[in-house]
Amino acid sequence: NDGKPADESAGGSTFKMEKDGSMEMADGNKEKIRVDKTKKTIDLAAEKDISAKTDANVNLDAKEKVSIKSGADLIADAGGSATFNSAKAFNIKAEAAFELKAKDIKITSDSMVTVKGTQVMINAPQIMVGMGGTPAMTILTQFLGVGNLGMPVLSQAIGPFSSSVFIGS
């Protein structure tokens with residue numbers, strides 16, 4: 001009441017309202033909330049965490065770009081399903097290892113699927129290429145054809161065939 005702070009360490013907090021209607025609330029350190037009426041922006045700043053909690057939904061709606069940048073890890077954890085929709089190109093890039101793990105994975109494309117790498121390894125007990133499919137030949141597959149005095153003849157593969165790779169026509 002006499003204009004002297006009771007606790008000097010608690011001081012420094014301010015609330016300013018400017019001539020243009022902009023407002024700023026700050027604690028005297030790095031934490032502040034600024035509503036800039038001229039620029040039509042709202043800024044939040046904190047030295048440590050900024051948290052938002054609700055018992056219902058959090059909705060973000062932007063008519064332009066939404067940008068998220070993290071100096072460390074970015075973690076998203078959904079207790080239910082997760083859906084990402086993109087009207088244009090959808091790119092994922094990792095500068096280090098990339099792991100995709102799911103109970104089932106289905107890739108569908110209206111045109112082409114390209115897998116490119118210095119080495120591609122498919123580790124599965126059975127691989128199906130195309131619809132239906134017959135067992136693929138191996139390097140040990142032998143052929144049987146009726147001879148024609150040393151001339152090439154049509155031959156039939158008699159095995160052995162792959163037990164894990166099937167190729168459809």
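All values reported here derive from a predicted model rather than from experimental measurement.
In this structure, Met121 stands alone, with no Ile, Leu, Val, Met, Phe, Trp or Tyr side-chain heavy atom under 4.5 Å from its own, directly or through other members. Met128 forms part of a hydrophobic cluster together with Phe166, judged by ILVMFWY side-chain heavy-atom separations under 4.5 Å. Alongside Ile158, the hydrophobic cluster contains Leu144 (criterion: ILVMFWY side chains under 4.5 Å).
Both Phe84 and Ile107 are members of a single hydrophobic cluster when ILVMFWY side chains are connected at heavy-atom separations under 4.5 Å.
Every side-chain contact (heavy atoms from CB on, under 4.5 Å) that Ser109 has, sequence neighbours left out, goes to Ser111, Val113. Among residues two or more places apart in sequence or in another chain, the side-chain contact (heavy atoms from CB on, under 4.5 Å) test is passed with Met137 by Thr141, Phe143, Ala157, Phe161. By the side chain to side chain donor-acceptor pair (under 3.5 Å) test, Asp73 is found to be paired with no residue, residues two or more places apart in sequence or in another chain being considered. Considering only residues two or more places apart in sequence or on other chains, Lys37 meets the side-chain contact (heavy atoms from CB on, under 4.5 Å) condition with Ser22. Considering only residues two or more places apart in sequence or on other chains, Thr41 meets the side chain to side chain donor-acceptor pair (under 3.5 Å) condition with none of them. With sequence neighbours excluded, no residue satisfies side chain to side chain donor-acceptor pair (under 3.5 Å) with Gln142.
Counting only residues at least two apart or in different chains, salt bridge (Lys or Arg N to Asp or Glu O under 4.0 Å) contacts with residues 21-32 comprise Glu24-Arg34.
The environment of Leu44 atom CG is dense: over 12 non-hydrogen atoms of other residues, nucleotides or ligands sit within 6.0 angstrom. In the displayed structure, Gln126 atom CD is contacted under 6.0 Å by more than 12 heavy atoms of other residues, nucleotides or ligands.
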Contacts table for residues 50-69: side-chain donor-acceptor under 3.5 angstrom, sequence neighbours left out:
unit_1, atom_1, unit_2, atom_2, d
Thr54, OG1, Ala56, N, 3.1

Identify every side-chain donor-acceptor pair in residues 87-101 under 3.5 Å, counting partners at least two apart or on other chains, and give the distances.
unit_1, atom_1, unit_2, atom_2, d
Lys93, NZ, Glu95, OE2, 3.4

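Minimum interatomic distance between Gly145 and Ser155 (heavy atoms only, all atoms of both residues): CA-OG, 3.8 Å. The shortest heavy-atom contact between Pro160 and Leu140 is CD-O, 3.3 Å. Closest approach of Val115 to Val120, counting heavy atoms only: CG1-CG2, 4.0 Å.
Atoms CD1 and OG1, from Ile167 and Thr134 in turn, are 7.0 Å apart once rounded to the nearest 0.5 Å. Taken from CG in Asp43 to CD1 in Ile33, the straight-line distance is 10.5 Å, to the nearest 0.5 Å. Taking OG of Ser164 as the reference point, atom CD1 of Ile122 lies at 10.5 Å (rounded to 0.5 Å).
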